[in-house]
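Down below is the structure, laid out as structure tokens.
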Amino acid sequence: MEEQLIRAAFHARQHAYTPYSHFRVGAALLSADGTIIEGCNIENATYGATNCAERTAFFKAVSEGIREFRMIAIVGGVEQGSDRVSDFAYPCGICRQVMREFCDPKSFKVIVAKSVEDYEVYALEDLLPNSFGPSNLLM
Ligand code: THU
């Protein structure tokens, strides 16, 4: 499953809109029912309106009624051919918090990959320890 998700992230990366940074990122999000939702980063002339690949995938899914997720694969950075990048692209803080809104920190897995053979897997709670989430607002 990890390999399939990484391949989907490389596919999504092809659609990255990055005229400013030229830093192309692709993400592939696996829902609880096995659907793969792809996302790319989408930059903006104002810079601040830029959307990361991970959030594109999450917002696509949630806006289609999908709210339960198992893992996400992320690929980004300097290209070394069509299926390899030079470094791991770890998700930014805002994207980690968006993951936290919909995912269980212990069981949701974040894969950062350079290729289908070279990747790391983290639990969300390792990337966002002591997090604030929906349950903190329950009275
Ligand atoms: N970016 C992502 O898509 N995901 C991340 O987690 C980090 C950053 C994008 C945003 C921007 O288009 C470019 O990478 C440089 O920051």
Side-chain angles (χ1 to χ4, degrees):
M1 192 68 241
E2 282 82 351
E3 283 191 16
Q4 196 186 337
L5 218 52
I6 293 165
R7 277 186 226 285
F10 273 104
H11 180 259
R13 187 172 173 276
Q14 293 177 353
H15 303 299
Y17 174 73
T18 59
Y20 308 108
S21 76
H22 305 290
F23 189 88
R24 286 142 53 83
V25 185
L29 178 61
L30 180 66
S31 75
D33 72 0
T35 305
I36 294 175
I37 305 100
E38 297 184 3
C40 63
N41 54 335
I42 305 168
E43 297 188 343
N44 189 277
T46 64
Y47 287 33
T50 291
N51 208 57
C52 290
E54 300 90 321
R55 272 178 289 147
T56 301
F58 267 89
F59 295 158
K60 278 177 66 182
V62 173
S63 66
E64 299 289 336
I66 304 170
R67 290 189 188 170
E68 287 178 40
F69 306 102
R70 280 192 241 157
M71 57 178 134
I72 189 169
I74 306 160
V75 296
V78 179
E79 203 162 290
Q80 298 186 319
S82 62
D83 57 359
R84 176 172 289 275
V85 287
S86 60
D87 287 301
F88 295 120
Y90 297 95
C92 80
I94 296 172
C95 288
R96 294 178 198 205
Q97 188 64 40
V98 168
M99 292 176 198
R100 174 68 182 87
E101 185 68 23
F102 296 101
C103 306
D104 173 45
K106 283 195 194 307
S107 61
F108 184 73
K109 297 287 184 289
V110 178
I111 301 165
V112 288
K114 293 182 188 176
S115 70
V116 286
E117 295 96 28
D118 190 0
Y119 61 88
E120 299 175 345
V121 185
Y122 296 91
L124 177 58
E125 70 174 353
D126 297 329
L127 299 179
L128 195 68
N130 303 321
S131 62
F132 189 93
S135 60
N136 295 104
L137 292 177
L138 296 177
M139 305 291 172

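Counting starts at 1 for both ligands and their atoms, in listed order. Computed from a prediction, not measured in an experiment: that's the story for all the values here.
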ask   = Hey, mind stepping through Glu117 and Arg84 against salt bridge (Lys or Arg N to Asp or Glu O under 4.0 Å) and telling me if it holds?
value = CA-CA 10 Å; Glu117 295 96 28; Arg84 176 172 289 275; 3.5 Å; yes

inquiry  = Taking non-hydrogen atoms within less than 4.0 Å of ligand 1, which protein residues qualify?
reply    = Ser21, Phe23, Val25, Asn41, Glu43, Thr50, Cys52, Ala53, Glu54, Tyr90, Pro91, Cys92

query = For Ser131, does its backbone N or O pair with a side-chain atom of Arg100 as donor and acceptor, under 3.5 Å?
reply = no

key: Residue pairs, two or more places apart or on separate chains, that pass salt bridge (charged side-chain N to carboxylate O under 4.0 Å, His left out) and touch residues 1-29   = Glu3-Arg7, Arg13-Glu79, Arg24-Glu79

inquiry  = Once salt bridge (charged side-chain N to carboxylate O under 4.0 Å, His left out) is applied, what residue pairs with a partner in residues 37-56 remain, sequence neighbours excluded?
reply    = none

key: Separation between CG of Asn51 and SG of Cys40, rounded to the nearest 0.5 Å   = 9.0 Å

key: Sequence neighbours excluded, every pair satisfying ring pair (Phe, Tyr, Trp, His ring centres under 6.0 Å) that has a member inside residues 96-116   = none

